[in-house]
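Worksheet: the structure to be examined is printed underneath.
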Protein chains: 2
Amino acid sequence: MNEKQEVHRSFVFQVSDIVRLVRQNFSQEDGVDITRSQARVLISVWRNPGISQQALAGRLEIATMSVCRLVDALEGKGMLERRTDDADRRVRRLFVTEKTEPFIEKVLARIEAISDDFLAPLSTGERQTLENLLGRILSHASSKRTGTDQ
Amino acid sequence: MNEKQEVHRSFVFQVSDIVRLVRQNFSQEDGVDITRSQARVLISVWRNPGISQQALAGRLEIATMSVCRLVDALEGKGMLERRTDDADRRVRRLFVTEKTEPFIEKVLARIEAISDDFLAPLSTGERQTLENLLGRILSHASSKRTGTDQ
DNA sequence: AATATTAATAAGCTTAGCTTATGATATCTC
DNA sequence: GAGATATCATAAGCTAAGCTTATTAATATT
C-alpha cells in the first residue's frame, strides 16, 4: 500500500503527478464545457478586458500562437470576443461576452472546489504555507526565464 | 512586474504553471534523450526489475496503453527490454538493459538538478515542509481514485 | 469444448503546449 | 514618400503525455 509511494518522490515528479490528477478531475461536472488552460485565458481576459493576444501571452507566459488557439476555442464557444483595435488594426482586443459573465463565477467556483479537494488533508495554516512556498517557486522560476516574453 | 502574479493564484493554477515550466526545462542538456514520463517509467522499471506492464500501470497510476507507448519509446532507444514470461505468455516482463544502467544515474541526477533549481528559493526546512505537504496531497488524492489500482 | 477474462497492443482522439512560415499592418530610415 | 524592418495574428504541422475503444493472443472458468 505505501510501497506505491516509493516510486520517486522528487519535487519534479510530485508536481507532475498532482497535475495529472488535477487534469483528470477537471473536465466533467457542471454545465461549463471548458478546459483548464481555456479557463486560465477566460479568467485573465475577464480581469483585463480589452487585453491584446500578445499582452495576454506575456501575462500567461505562453507562446502567442498558443493564446491564439485557446482564443479560437473560446470564441467558438461564444465565450470570448475578438475586436479589432481601430488605432492599430493588427491587434485583436479580447472581451468576455455578456452572456458569459455568469459562467465566470461557475468556472472560478470549480477551480476553487478542485483546489479545496486536493488541499483537503491540510490545515488552514498548512494551506497558507503551501501557497506561499509555491508562489515563491513560481516567481523565482518565471523571473529567470530566457526571453520569449513580451 | 508583479502584476503578472495576480492572474489567479489558486492551487490548481500554481501547480499547473510549475509543471509547464518544469517541462520546458526538462528536455535539453546532457546526452540522455528522454522525456519526463519516460524517465518515470525507466526509474520504476530499474527499481522493480521484471515488473509487468500491467503492474507498472497500477504503480504509476496511468492506463496500461500509456505504459505500452512509453515502453515502446524506451525499447526503441534500447534502454528497456520486454521479455515474455514463460509461465504466462501474455505478460511482458520489463528490464533495464545493461548498457542503460550508467544512464540511470544521469537521469536521476537530472531530475534532482531540476528539482533543486525550482526549490532554490527555499531553505532546507521549507523544502522538507513542501515535500511533506505535497506528499500528503498526493496520497490523499490517489487513495480516493476509483479503481484501476493494481 | 465453449465462454469469459486478462495482458498487450493497434488506431486514433485530446489537451496543452511548441516552432516555422506567411499575411497584414505599422514604423523607421533614407 | 518608398523601401526595409518590425510587430500582431494566424496557418500548418509537430511533440508530450495522456486517453478510449477495438482486437489479438493466451489463460482460466464452467
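To find a chain, count down the sequence lines: A is the first, B the second, and so on, and within it residues start at 1. All values below come from the heavy atoms of this structure, side chains included, with hydrogens, waters and symmetry mates left out. As the structure is a computational prediction, the values presented were derived from the model and not from experiment.
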Given atom CZ of B:R20 and atom P of D:dA17, what is their separation to the nearest angstrom?
-> 15 Å
Over how many whole Å does the gap from A:R92 atom CZ to C:dA26 atom P extend?
-> 11 Å
Report yes if a side-chain nitrogen or oxygen of B:Q38 is closer than 4.0 Å to either non-bridging phosphate oxygen (OP1 or OP2) of D:dA16; otherwise report no.
-> no
Short side-chain N/O contact from A:Q24 to OP1 or OP2 of D:dC19, under 4.0 Å | yes
Exactly one candidate in B:I62, B:V41, B:I51 meets side chain to side chain contact (heavy atoms under 4.5 Å, CB included) with B:V67; the answer is B:I62
Choose from D:dT27, C:dA26, D:dG18 the nucleotide whose nearest atom is closest to any side-chain atom of A:D88.
-> C:dA26
Within the structure, does a side-chain N or O atom of A:S37 lie under 4.0 Å from either OP1 or OP2 of C:dA16?
-> yes
Quick one: is D:dC8 close enough that its OP1 or OP2 comes under 4.0 Å of any side-chain N or O from A:T64?
-> no
For B:Q53 and C:dA7, is the shortest distance between a side-chain N/O and OP1 or OP2 below 4.0 Å?
-> no
Evaluate whether atom CZ of A:F118 has more than 12 neighbouring non-hydrogen atoms of other residues, nucleotides or ligands under 6.0 angstrom away.
-> yes
Would you indicate, yes or no, if D:dA9 has its OP1 or OP2 atom less than 4.0 angstrom from a side-chain nitrogen or oxygen of A:R82?
-> no
Length of the CG-P vector between A:D86 and C:dA26, whole Å | 10 Å
Record whether the side chain of A:R90 comes under 3.5 Å of the base of D:dT7 through a donor-acceptor pair of N or O atoms.
-> yes
Nearest whole angstrom, please: distance from the C1' of C:dT14 to the CE of B:M65.
-> 15 Å
Between C:dA8, D:dT27, D:dC8, spot the one nearest the side chain of A:V91, thanks.
-> D:dC8
To the side chain of A:R23, which of D:dG18, C:dA10, D:dA26 is closest?
-> D:dG18
Name the nucleic acid region contacted by B:A87, choosing base, sugar-phosphate or nothing; use a 4.0 angstrom heavy-atom cut-off, strictly under.
-> sugar-phosphate
Step-by-step salt bridge (charged side-chain N to carboxylate O under 4.0 Å, His left out) determination, B:D86 to B:R93 | CA-CA 10 Å; B:D86 289 329; B:R93 307 230 154 258; over 6 Å; no
Can you tell me the distance, in whole Å, between the CD1 atom of A:I62 and the P atom of D:dT10?
-> 14 Å
Spacing of A:D85 atom CG relative to D:dT7 atom P, expressed in whole Å | 17 Å
Spacing of B:R40 atom CZ relative to D:dA17 atom P, expressed in whole Å = 11 Å
Should B:R69 and B:D72 count as an ion pair when the cut-off is N to O under 4.0 Å?
-> no
So, is A:S66 close to the C:dC18 phosphate, meaning a side-chain N or O under 4.0 Å from OP1 or OP2?
-> yes
Sugar-phosphate, base or nothing in reach of A:R69, heavy atoms under 4.0 Å = base
At under 4.0 Å, does any side-chain N or O of A:T35 touch on OP1 or OP2 of C:dA16?
-> yes
Separation of B:L94 atom CG from C:dT9 atom P, in whole Å?
-> 9 Å
Between CG on residue B:L74 and CG on residue B:L94, distance to nearest 0.5 Å | 9.5 Å
Do side-chain atoms of B:R20 reach the backbone of A:E61 as a donor and acceptor pair under 3.5 angstrom?
-> yes
